[in-house]
Amino acid sequence: MNKLLNKPLKAFTMYALLILALSIPVYYWVIDSIWLNEIDVHNQTIEGRIKDGFKNIPLTENEITHVINVWSQIQPGVKISAVSVSNIRKDSVYETIRPNTYANETYERFRGRSTYFYIHNKPYHLSVETNVEETHETVIAIATVTAVFFVLLLLGFVLLNRKIAQQIWQPFRNTLNQLKIFDLNSQKPIKLDPTTIEEFEELNEVLRKLIANNIDVYNQQKQFTENASHELQTPLALLKSKIDLLLQDKTLSKTQLESITALNIPLSRVSRINKNLLLLAKIENHQYPNEETIDLNQILNENIDILSDYASTGEISIDNGIKEPVMVKANRHLIEIMLTNLLVNGIRHNLRNGILAIDYQASTLMFSNSGTSPLNEDTLFKRFVSASTQSPNSGLGLAIVKEICHLYGWKVSYRFEKNFHHFSVSFS
């Protein structure tokens, strides 16, 4: 996954590379034009010196012929030759490629100037040629310099991008870190540092309002759950007692007795759900402040004895492999509930003649029970969602386990391996 700042950096890099690549022919054209212009000026200067020289120095015709022959031998870039009047043309500039006998290269590019002048009223043709820098050498030189500057530009982009990211994006990172550690159960508003960057300050303000609204809604929901559970306790208890009295009435017929018994089952389930909801509300409201050092193994053995009859109905054997005391600091009542729920879960989602093994290693308590297929991990610890369709229940047992672990900073996890369900609680 790419970081946000790397995306514009890549775009800037590609743009810089494109511009620098396009600049190579432009640089070549500009340099070549300047170079040719300088050569033309140079050739004009030589032309002027030659013409002035022949005008200012009095020479006979034979001496002129001799000087021209000598000049052609010692200055091959300049040629002077007699022409007829009919062959006189306008002054012109030309380019040619021909061998250079004084260089290692086979062929070179030459820039020349062609002109005509008179010596003693006799027309002469003068051509001045100067070799031009090789094209491929110029292109290679420009490309090399461009590549060097591109590397320097790229390094500058990377360093500046890193420095800018550390400075400009620091408020965003602070906000992100605060969001990562924010816990809705803690009821503490998020603390966002003020920033001079308008966009980040606007983001912080929106987050403050959003979190404040969520805390209010969350508190209302918790309050409603707690109030509803409290209000339901009395009528549920009253209904339960009335049903128990009716069951003791000997004047009831068999049909009436079966109907009243059938009512007792859903009523008991509603009562358990109500108690669990009230328990969750109390855990979330941190209403279990009393903590003490507890031996988990001792409570496990006590709960195993209590649930032995329940396990025997499915012919499930419970093996507690913990031999030494396991000491933790927590509320005893919550620990009893957590261990009971994990034991009941291991019995409920087991096979007939199955095994429930308990072990403790590396600060991790593990419950392993036999099974045929994995449970739905996405909804396993959610409220009112049964872990398995084969063993329907209220779906609050594992949710309570998760809330208790969250309260003390423990981690509860699940995995299915080799036909065994593994529920583990890590205390580290």
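We're numbering straight along the sequence, starting at 1.
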**Request:** Over all heavy atoms of both residues, which pair between Asp91 and Tyr116 is shortest? Give the atoms and the distance, please.
**Result:** OD1-N, 3.7 Å
**Request:** Provide the closest heavy-atom pair for Ile50 versus Leu126 in the form atom of the first, atom of the second, distance.
**Result:** CD1-CD1, 4.0 Å
**Prompt:** Taking C-beta and beyond as the side chain, do Ile404 and Asn341 meet within less than 4.5 Å on heavy atoms?
**Reply:** no
**Message:** Would Arg113 and Asp40 count as a salt bridge (charged side-chain N to carboxylate O under 4.0 Å, His left out) here? Give the steps.
**Reply:** CA-CA 7 Å; Arg113 177 173 178 79; Asp40 290 342; over 6 Å; no
**Asked** Do you know the tightest heavy-atom contact between Leu380 and Phe423?
**Response** CD2-CE2, 3.6 Å
**Asked** Is it true that the side chains of Tyr360 and Glu324 contain a donor and an acceptor less than 3.5 Å apart?
**Response** no
**Prompt:** Step by step, would you call Val425 with Phe427 a side-chain contact (heavy atoms from CB on, under 4.5 Å)?
**Reply:** CA-CA 6 Å; Val425 177; Phe427 300 100; 3.9 Å; yes
**Request:** List the steps and the verdict of side-chain contact (heavy atoms from CB on, under 4.5 Å) for Phe54 and Phe117.
**Result:** CA-CA 10 Å; Phe54 279 104; Phe117 69 105; 4.2 Å; yes
**Item:** Main-chain N/O of Gly346 paired to Asn350 side chain as donor or acceptor, under 3.5 Å
**Value:** yes
**Complete:** Heavy-atom nearest pair, Ala16 first then Phe157, reads CB-CE1, 4.1 Å
**Request:** For Thr293 and Val328, run side-chain contact (heavy atoms from CB on, under 4.5 Å): C-alpha distance rounded to whole Å, both residues' side-chain angles, the deciding distance at 0.1 Å, then the answer.
**Result:** CA-CA 5 Å; Thr293 303; Val328 295; over 6 Å; no
**Request:** Assess whether side-chain hydrogen bond (donor to acceptor under 3.5 Å, both in side chains) is satisfied between Tyr414 and His421, documenting all intermediate values.
**Result:** CA-CA 7 Å; Tyr414 164 80; His421 301 284; 2.8 Å; yes
**Message:** Pairing donors with acceptors under 3.5 angstrom, does anything connect the side chains of Lys51 and Thr115?
**Reply:** yes
**Prompt:** Are a donor atom and an acceptor atom from the side chains of Ser114 and Ser127 found within less than 3.5 Å of each other?
**Reply:** no
**Asked** Looking at OG1 of Thr196 and CD of Glu198, how far apart are the two atoms once the value is rounded to the nearest 0.5 Å?
**Response** 11.0 Å
**Item:** Exercise: identify the closest heavy-atom pair between Asn297 and Ile322
**Value:** ND2-O, 3.2 Å
**Request:** Consider only side-chain N and O atoms of Asn369 and Asn345, and report whether a donor and an acceptor are under 3.5 Å apart.
**Result:** no
**Prompt:** CG of Leu307 to CD1 of Ile316: how many Å apart, nearest 0.5 Å?
**Reply:** 11.0 Å
**Message:** When you measure from the side chain of Ser370 to the backbone of Ile355, do you find a donor-acceptor pair of N or O atoms at a distance under 3.5 Å?
**Reply:** yes
**Chi angles and distances behind the side-chain contact (heavy atoms from CB on, under 4.5 Å) call for Thr195, Phe172** = CA-CA 9 Å; Thr195 175; Phe172 175 79; over 6 Å; no
**Asked** How long is the gap from NE2 on His349 to OG on Ser373, to the nearest 0.5 Å?
**Response** 11.0 Å
**Request:** Give a yes-or-no answer on whether the side chains of Asn174 and Gln170 include a donor-acceptor pair shorter than 3.5 Å.
**Result:** yes
**Item:** No-hydrogen, no-angle side-chain donor-acceptor test under 3.5 Å, Asp359 and Gln361
**Value:** yes
**Asn87 side chain to Ser84 side chain, donor-acceptor N/O pair below 3.5 angstrom** = yes
**Asked** By side chain to side chain contact (heavy atoms under 4.5 Å, CB included), which residues pair with Pro25, not counting sequence neighbours?
**Response** none
**Request:** Enter the distance from Ile97:CD1 to Asn131:CG here, rounded to the nearest 0.5 Å.
**Result:** 12.5 Å
**Request:** Working to the nearest 0.5 Å, report the span between CG of Asn177 and CG of Leu192.
**Result:** 11.0 Å
**Prompt:** To the nearest 0.5 Å, how far apart are CG in Asn204 and CD1 in Ile211?
**Reply:** 9.5 Å
**Asked** Counting only N and O atoms by type, is there a donor-acceptor contact under 3.5 Å from the side chain of Thr364 to the main-chain atoms of Ala362?
**Response** yes
**Request:** With the side chain counted from C-beta on, respond yes when Ile304 and Ile358 share a heavy-atom pair under 4.5 Å apart, and no when they do not.
**Result:** yes
**Complete:** Tightest non-hydrogen contact, residues Ala330 and Trp410, listed as CB-CH2, 3.9 Å
**Prompt:** Hey, are Glu95 and Arg111 close enough for a salt bridge, meaning a charged N less than 4.0 Å from a carboxylate O?
**Reply:** yes
